Amino acid sequence: MASQNQQQQDENAIERMNSHLTEAGNKLANNKSIITWVVVGILVVAALIFGFIHFYQKPQNSKAFEAYNRVELNSLGNDSVAAAQYKDVADKFGGDAGNLAALSAGEALYNEGKYEEAVKYLNKFSSKDAVLDANALVLTGDCYVNLKKYDEAISAYQKAVRKADGNDQIVPRVLLKEANVFDEQKKFDKALECYQTIKKEFPQFRLGNGMDMDAYIAREEARLGK
């Protein structure tokens, strides 16, 4: 009887072990199935990305640059024609060509005196090139000056200074623009700070009108009663 009980216990243990192994096998099979579907999903996404780049993005980029180059050839310095055509390219296309078209549209619109619209397109532009980005911000500030939106102009100029990161060809000229706006606002202390910064950080900078920074500093100090 004891032998039969032991045999029964052994059989029950074997059945439990088999049950556990079966359950583990099912889990492994399910996991393999999940892994397989994940891999398949990744491959499908990769194929879609490749297809988008190869069959859509590259042709679109080519079309965009072709359109941009046509404007370069067709406008021949006519700002009105250039503005209309660059706007069209910027509105239709993204990517580098659309980005450059937005900048070019902004420049052409500025030259036409359409400052509000110029700002709209200049705001669409962005670049990893700090000099190009800074110059676009300077032009944005110039638009705001012409619109007499002086606070917005100062904001754009200050962004340009930060973007230019110490460029000795850009920063002092932008600081001069800031100083002129501050003078227009009767904020002579702020204008003085701009001139003092130019003298301290860009001592080699010279203007073509024969005046140096000391003359501008003296003028602002006189306005402030110093």
Side-chain angles (χ1 to χ4, degrees), residues 75 77-84 86-87 90 99-226:
S75 60
N78 186 318
D79 288 319
S80 180
V81 172
Y86 281 130
K87 281 166 53 181
N99 199 33
L100 286 173
L103 176 61
S104 298
E107 291 173 343
L109 289 163
Y110 176 87
N111 291 334
E112 281 196 282
K114 297 178 179 178
Y115 304 119
E116 289 277 10
E117 198 172 6
V119 167
K120 173 187 170 183
Y121 281 92
L122 289 168
N123 284 340
K124 288 185 175 184
F125 175 78
S126 64
S127 173
K128 293 180 180 178
D129 186 304
V131 170
L132 199 57
D133 219 11
N135 281 321
L137 286 164
V138 173
L139 187 57
T140 302
D142 292 347
C143 288
Y144 282 129
V145 169
N146 283 284
L147 292 167
K148 300 189 184 303
K149 295 183 176 181
Y150 297 129
D151 288 338
E152 289 90 337
I154 290 294
S155 178
Y157 289 147
Q158 289 176 344
K159 287 177 183 177
V161 168
R162 290 194 295 272
K163 185 67 70 172
D165 193 25
N167 184 295
D168 61 4
Q169 298 299 311
I170 298 175
V171 175
R173 295 187 183 279
V174 179
L175 288 171
L176 282 175
K177 287 176 180 285
E178 281 188 48
N180 287 333
V181 175
F182 284 133
D183 277 337
E184 189 68 25
Q185 294 179 308
K186 310 300 181 187
K187 296 178 180 179
F188 304 124
D189 56 332
K190 295 290 187 181
L192 177 60
E193 288 176 12
C194 292
Y195 294 128
Q196 288 173 333
T197 299
I198 295 170
K199 180 178 179 179
K200 179 181 178 182
E201 297 183 10
F202 305 94
Q204 304 304 316
F205 179 73
R206 293 290 182 272
L207 289 170
N209 61 4
M211 290 179 66
D212 60 16
M213 286 304 108
D214 287 331
Y216 285 99
I217 289 169
R219 185 186 69 184
E220 299 305 323
E221 288 179 339
R223 287 170 171 173
L224 291 166
K226 293 186 178 181

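Because the structure is a prediction, the values reported are computed rather than measured. Position 1 is the first residue of the sequence; numbering continues from there. Quick note: numbers below take in every heavy atom, side chains included, and nothing from hydrogens, waters or symmetry partners.
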Check: N99 versus K124: any side-chain heavy-atom pair under 4.5 Å?
Finding: no
Checklist line | Pairing residues for F202 by the ring pair (Phe, Tyr, Trp, His ring centres under 6.0 Å) criterion, not counting sequence neighbours | finding: none
Item checked: Over 12 foreign heavy atoms within 6.0 Å of NZ, K190 -> no
Next item on the list: Any chance you could measure D183, atom CG, to Q185, atom CD, to the nearest 0.5 Å?
Entry: 10.0 Å
Next item on the list: Determine, step by step, whether L176 and M213 satisfy the side chain to side chain contact (heavy atoms under 4.5 Å, CB included) criterion, reporting the C-alpha distance in whole Å, the side-chain angles of both residues, the deciding distance to 0.1 Å, and the verdict.
Entry: CA-CA 10 Å; L176 282 175; M213 286 304 108; 4.1 Å; yes
Notebook entry, point to check: Can you list the residues that meet the side-chain hydrogen bond (donor to acceptor under 3.5 Å, both in side chains) rule with E107, with sequence neighbours excluded?
Noted result: none
Check: How many angstroms lie between atom CG of L103 and atom CG of L139, to the nearest 0.5 angstrom?
Finding: 7.5 Å
Margin query: To the nearest 0.5 Å, what is the distance between CG on D212 and CD1 on I217?
Written below: 8.5 Å
Margin query: Tell me the closest heavy-atom pair linking V171 and A164, and the distance in Å.
Written below: CG2-CB, 3.8 Å
Checklist line | S155 side-chain N/O to D151 backbone N/O, donor-acceptor pair under 3.5 Å | finding: no
Next item on the list: Not counting sequence neighbours, list each pair that qualifies as a ring pair (Phe, Tyr, Trp, His ring centres under 6.0 Å) and has a residue in residues 133-164.
Entry: none
Next item on the list: Could you tell me the separation between the SG atom of C194 and the NZ atom of K199, rounded to the nearest 0.5 Å?
Entry: 15.5 Å
Next item on the list: May I have the step-by-step check of salt bridge (charged side-chain N to carboxylate O under 4.0 Å, His left out) for R219 and D214, ending in yes or no?
Entry: CA-CA 9 Å; R219 185 186 69 184; D214 287 331; over 6 Å; no
Item checked: For Y216, the option from F182, F188, Y195 that meets ring-ring contact (aromatic ring centres under 6.0 Å, His included) -> Y195
Note to self: Give me each pair satisfying side chain to side chain donor-acceptor pair (under 3.5 Å) with a member in residues 158-169, each pair once, sequence neighbours excluded.
What the structure shows: D133-K163
Check: Are side-chain heavy atoms of V161 and E178 found at a separation under 4.5 Å?
Finding: yes
With a 3.5 Å cut-off and sequence neighbours excluded, list the donor-acceptor pairs that the side chains of residues 114-121 form with protein atoms.
| residue | atom | partner | partner atom | Å |
| --- | --- | --- | --- | --- |
| E116 | OE2 | K149 | NZ | 3.1 |
| E117 | OE2 | K87 | NZ | 2.5 |
| Y121 | OH | D91 | OD1 | 3.2 |
| Y121 | OH | D91 | OD2 | 3.0 |

Next item on the list: Output the distance between atom CG (L175) and atom CD1 (I198), rounded to the nearest 0.5 Å.
Entry: 5.0 Å
Notebook entry, point to check: Quick one: does V181's side chain get under 4.5 Å of K187's, heavy atoms only?
Noted result: no
Checklist line | Nearest heavy-atom neighbours spanning A191 and A179 | finding: CB-O, 3.7 Å
Checklist line | Nearest-0.5 Å distance that lies between atom CG in L100 and atom OG in S127 | finding: 8.0 Å
Check: What residues form a ring pair (Phe, Tyr, Trp, His ring centres under 6.0 Å) with F125, not counting sequence neighbours?
Finding: none
